[in-house]
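Worksheet for the structure shown next.
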Amino acid sequence: MYTELLANIAILVLSGFVGFAVISKVPNTLHTPLMSGTNAIHGIVVLGALVTLGNVQDPSILTQIILFVAVVFGTLNVIGGFVVTDRMLGMFKGKKAAPVKVASAERSEGAA
């Protein structure tokens with residue numbers, strides 16, 4: 001039992017190091033597509049959490065609360081990630097030209 005827990009903790013720590021090494025090498029221009037991909041992965045994680053929440057047999061109230069909070073935080077992470085991605089993509093859009101207003105004196109001259 002403890003060897004399985006130790007193996008899982010070792011995988012978690014190693015994946016953290018690998019993730020940090022990979023992300024630190026990403027150029028700034030690729031952060032938006034990378035973030036969109038990460039949001040899709042988090043959506044899958046939230047779906048897995050919901051399936052796990054539904055499959056737990058006779059959960060205690062503490063287990064229900066922890067699973068519910070995990071689902072809520074995961075959902076907020078996905079929504080927040082998409083909001084940030086949308087704002088980042090908005091920076092690349094061109095600014096719309098302001099409509100040109102014609103003075104009323106110029107309109108009357110043009111009509112005459």
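Given the structure is predicted, the values throughout are model-derived calculations rather than measurements. Only heavy atoms go into these numbers, but all of them, side chains included; no hydrogens, no water, no symmetry mates.
- Put simply, F82 and V45 are part of two different groups of oily side chains (I, L, V, M, F, W, Y) that touch within less than 4.5 Å, one to the next.
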Exercise for the section: I would like to know whether V71 and L67 meet side chain to side chain contact (heavy atoms under 4.5 Å, CB included); could you show each step before the answer? Expected result: CA-CA 6 Å; V71 169; L67 287 172; 5.6 Å; no
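- Note on V72: it clusters hydrophobically with I65, by side-chain heavy-atom contacts below 4.5 Å among ILVMFWY residues.
- Here the CD1 atom belonging to I9 is positioned 12.0 Å from the CG atom belonging to L14, to the nearest 0.5 angstrom.
- Of all heavy-atom pairs spanning T52 and V56, the tightest one is O-CG2, 3.0 Å.
- Between S15 and L12 the shortest heavy-atom distance is OG-O, 2.8 Å.
- Criterion: ILVMFWY side-chain heavy atoms under 4.5 Å apart, direct or through other members. Under it, L76 and F68 are part of a common hydrophobic cluster.
- The hydrophobic cluster containing L62 does not contain V69, counting ILVMFWY residues as joined when their side-chain heavy atoms lie under 4.5 angstrom apart, directly or transitively.
- L53 and I61 fall into different hydrophobic clusters, defined by Ile, Leu, Val, Met, Phe, Trp and Tyr side-chain heavy atoms under 4.5 Å apart, directly or through other members.
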